[in-house]
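See structure below.
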Amino acid sequence: MSRYGIAGHAANALGSLTAEEVDFLRDLPKAELHAHLNGCIPISLLQKLANEADLSSSAVGSDVVKAGIERLKAGVELNEINDFFGLFPAIYALTASPATLAEATRAVLAQFLEPDPLAPRGQPMAAYLELRTTPRATQAMSRREYLEAVLAEVERYPPTRAALIVSLDRRMDASAAEEVVGLAVQLKQEGRRVVGVDLCGDPLAGNMADFEQFFRRAKEAGLGVTLHIAETPDNTHEDTLKLLSFKPDRLGHATFLDANARDAVFSNNACVEICLTSNLLCKTASSLEQHHIRHYLEANHPIAICTDDTLPFRNNLLGEYALLLAKAPLGLGLTRTDVERISAMSMASRFAVPASRPMV
Ligand code: IMP
Ligand code: ZN
């Protein structure tokens with residue numbers, strides 16, 4: 001771990017900057033729009049939850065949880081994106097009750113939104129966070145209780161700082177997807193801080209035509225829609241076009257778009273959530289030089305720089321911005337003006353821009 005509490009690509013980029021450059025990045029108002037709750041739990045809290053957990057009635061035994069934590073502590077080595085999904089059962093065993101889930105949510109919100117003790121003026125990582133999570137029914141809570149536990153923590157912050165996106169997993173069957181979208185709509189109608197829905201999970205699972213009705217319902221209810229799309233080279237053209245036909249407001253990754261699909265994205269102006277470290281570690285981008293962010297920068301297309309999963313990727317939002325500013329090969333070598341413009345694009349792509357504040 002570097003002195004910034006992170007490791008790997010983002011740490012190296014941050015370490016190459018002057019103190020003044022780091023301060024410039026800290027001062028930028030940044031919106032974190034793509035962060036998965038259970039993928040962003042601080043490792044120290046996960047360890048504490050593991051020490052306190054009674055896993056006797058859990059499907060995942062304490063040996064599996066212990067091994068999972070050791071793997072996360074050491075820094076995961078992923079050979080392909082599928083290795084990544086195997087990390088979650090151990091984490092899920094530790095956030096299976098409303099109390100532990102609330103504790104995890106509080107820590108994730110604090111990590112992004114509270115003053116950073118390492119920053120000279122306590123600047124937080126993010127000015128604004130749209131946290132996303134997939135509601136799970138467990139022995140101790142229903143999906144609605146899951147979302148209520150998370151929302152109670154999100155709503156401790158003002159709407160100008162935090163909101164919730166409800167994720168649907170590509171592995172869900174129709175009845176689960178219907179329940180999850182129904183809950184997102186219902187909670188929004190009850191005045192709770194749900195601003196959007198997401199599609200995530202194993203990028204090759206599920207038939208996307210089956211999900212169309214659920215995203216239509218979310219849109220009709222005024223929720224924002226973001227979709228993980230074209231995350232791997234094995235995602236078919238049909239899969240990508242089907243997802244684009246849902247008219248999403250934002251796209252997660254959008255890594256392997258062919259020219260047709262990219263034109264469609266350019267013309268409908270959907271913001272692309274870019275997760276540099278995530279793509280490098282999951283080996284869906286071979287280098288920064290080859291990263292698809294370049295297409296979007298060249299086209300001046302809206303993007304938002306995001307962390308995805310700070311727990312396995314050992315990154316933070318400051319480090320992701322350092323990857324923009326640092327000189328090649330550690331970073332993309334963008335100018336301060338470019339980086340400022342990118343942070344403004346992230347703020348402008350929030351699902352819920354509070355009415356009293358001007359668009360950035
Ligand atoms: P949760 O939704 O709070 O449980 O966060 C973890 C979940 O997010 C994982 O089980 C995956 O389904 C999903 N997830 C996290 N990162 C990615 C990604 O890069 N691609 C697709 N799904 C992801
Ligand atoms: Zn993601």
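Treat the numbers as computed from the prediction; the structure is a model and nothing was measured. Counting convention: from 1, in listed order, for ligands and their atoms alike.
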Ionic contact status for Glu153 with Arg193, cut-off 4.0 Å: no
The Zn ion (ligand 2) to nearest N/O/S of His36 below 2.8 Å: yes
The Zn ion (ligand 2) to nearest N/O/S of His228 below 2.8 Å: yes
Distance filter under 4.0 Å to Thr133 heavy atoms, resulting ligand 1 atoms: 1 (P), 2 (O), 3 (O)
Ligand-side contact atoms (ligand 1) for residue partner Leu37, heavy atom cut-off under 4.0 Å: 3 (O)
Protein contact to atom 19 (O) of ligand 1 [nearest heavy atom, distance to 0.1 Å]: Asp308 OD2, 3.0 Å
Selected option - heavy-atom contact closest to atom 12 (O) of ligand 1, from Arg171, His228, His36: Arg171
Among Phe85, Tyr92, Phe313, closest by any non-hydrogen atom to atom 10 (O) of ligand 1: Tyr92
Under-4.0 Å salt bridge between Arg144 and Glu148: yes
Tyr92 and Phe88 aromatic ring geometry - parallel, tilted or perpendicular at 30°/60° bounds: tilted
N or O contact, Ser278 vs ligand 1, cut-off under 3.5 Å: no
Distance-only N or O hit between ligand 1 and Glu231, under 3.5 Å: yes
Asp202 and ligand 1 - part of the residue with a heavy-atom distance under 4.0 Å: neither
Atom indices of ligand 1 within 4.0 angstrom of Asp169 heavy atoms, with elements: 12 (O)
Sub-6.0 Å ring centroid separation between His34 and His228: yes
Side chains of Tyr157 and Glu114 in contact at under 4.5 Å (non-hydrogen atoms): yes
Shared hydrophobic cluster for Leu318 and Leu330 (ILVMFWY, side-chain gaps under 4.5 Å): no
Heteroatom distance test (Cys200, ligand 1): nitrogen or oxygen, under 3.5 angstrom: no
Shortest protein heavy-atom distance from atom 22 (N) of ligand 1, along with the residue and atom involved: Gly201 N, 3.0 Å
Any Arg136 heavy atom less than 4.0 Å to ligand 1: no
Asp309 backbone or side-chain N/O/S under 2.8 Å from the Zn ion (ligand 2): no
Proximal atoms of ligand 1 relative to Asn38 (non-hydrogen, under 4.0 Å): 1 (P), 3 (O), 4 (O), 5 (O)
Parallel, tilted or perpendicular, as decided by the 30° and 60° cut-offs, for the rings of Phe266 and Tyr296: perpendicular
Heavy-atom side-chain proximity of Pro312 to Phe84 below 4.5 angstrom: yes
Sub-4.0 Å atoms of ligand 1 with respect to non-hydrogen atoms of Asp309: 15 (C), 16 (N), 17 (C)
Lys/Arg-Asp/Glu bridge criterion (N-O < 4.0 Å) met for Arg250, Glu130: yes
Lys283 atom NZ: more than 12 heavy-atom contacts under 6.0 Å: yes
Subset of ligand 1 atoms that lie under 4.0 Å from at least one heavy atom of His253: 19 (O)
Note, Asn300 side chain near Arg341 side chain (heavy atom, < 4.5 Å): yes
N/O/S atom of His34 inside 2.8 Å of the Zn ion (ligand 2), strictly under: yes
Under 3.5 Å: donor-acceptor pair, side chain of Asp198, backbone of Val166: no
Atom of Asp308 nearest the Zn ion (ligand 2) (restricted to N/O/S, atom name only): OD1
Which residue and heavy atom of the protein sit nearest atom 2 (O) of ligand 1, plus the separation: Thr134 OG1, 2.6 Å
Salt bridge flag under 4.0 Å for residues Lys242 and Asp239: no
